[in-house]
Amino acid sequence: MSPGLKKFLIFGVVALVLFLLISKPTESADAVQTALGWLGDGAQALVTFVERLFS
């Protein structure tokens with residue numbers, strides 16, 4: 001990936017996130033809470049797997 005394209009994509013993602021945070025803050029907060037919930041569930045599943053693996 002060329003450096004110019006990478007900068008353009010990063011700028012686009014940052015601009016989109018800022019737009020969503022400003023225009024729809026409640027929905028953005030809900031989306032972040034949902035994503036963090038998924039990450040927490042995945043981490044818990046991984047911990048359970050490792051505990052069962054070594055017990």
Side-chain angles (χ1 to χ4, degrees):
M1 183 181 299
S2 70
L5 179 61
K6 187 175 181 179
K7 284 183 183 180
F8 178 75
L9 290 175
I10 291 172
F11 177 76
V13 168
V14 169
L16 178 64
V17 168
L18 286 175
F19 171 75
L20 291 174
L21 286 174
I22 292 168
S23 66
K24 299 183 180 196
T26 303
E27 291 86 350
S28 298
D30 291 341
V32 169
Q33 285 181 335
T34 300
L36 290 176
W38 290 340
L39 289 174
D41 292 344
Q44 185 59 44
L46 185 59
V47 167
T48 302
F49 169 75
V50 172
E51 285 177 346
R52 302 279 174 138
L53 188 63
F54 292 109
S55 62

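V32 belongs to a hydrophobic cluster whose remaining members, ordered by chain and number, are L36, L39; membership requires side-chain heavy atoms of ILVMFWY residues under 4.5 Å apart, directly or through intermediates. Other members of a hydrophobic cluster containing I22 are absent, since no ILVMFWY side chain comes under 4.5 Å of it, directly or through relayed contacts.
In terms of the side-chain contact (heavy atoms from CB on, under 4.5 Å) criterion, residue partners of K6 (sequence neighbours excluded) are, by chain and number, M1, I10. The side-chain contact (heavy atoms from CB on, under 4.5 Å) test applied to T48 returns Q44, R52, not counting sequence neighbours. Every side-chain contact (heavy atoms from CB on, under 4.5 Å) that L18 has, sequence neighbours left out, goes to V14.
The CG atom of L20 sits 5.0 Å away from atom OG of S28, with the distance rounded to the nearest 0.5 Å. Atom CG in L16 sits 9.5 Å away from atom CG in L21 (nearest 0.5 Å).
F54 and F49 fall within a single hydrophobic cluster, where Ile, Leu, Val, Met, Phe, Trp and Tyr side chains are chained together by heavy-atom contacts under 4.5 Å.
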Item to complete: Go through the steps to decide whether L9 and V13 satisfy the test side-chain contact (heavy atoms from CB on, under 4.5 Å), and finish with yes or no.
Response: CA-CA 6 Å; L9 290 175; V13 168; 5.5 Å; no
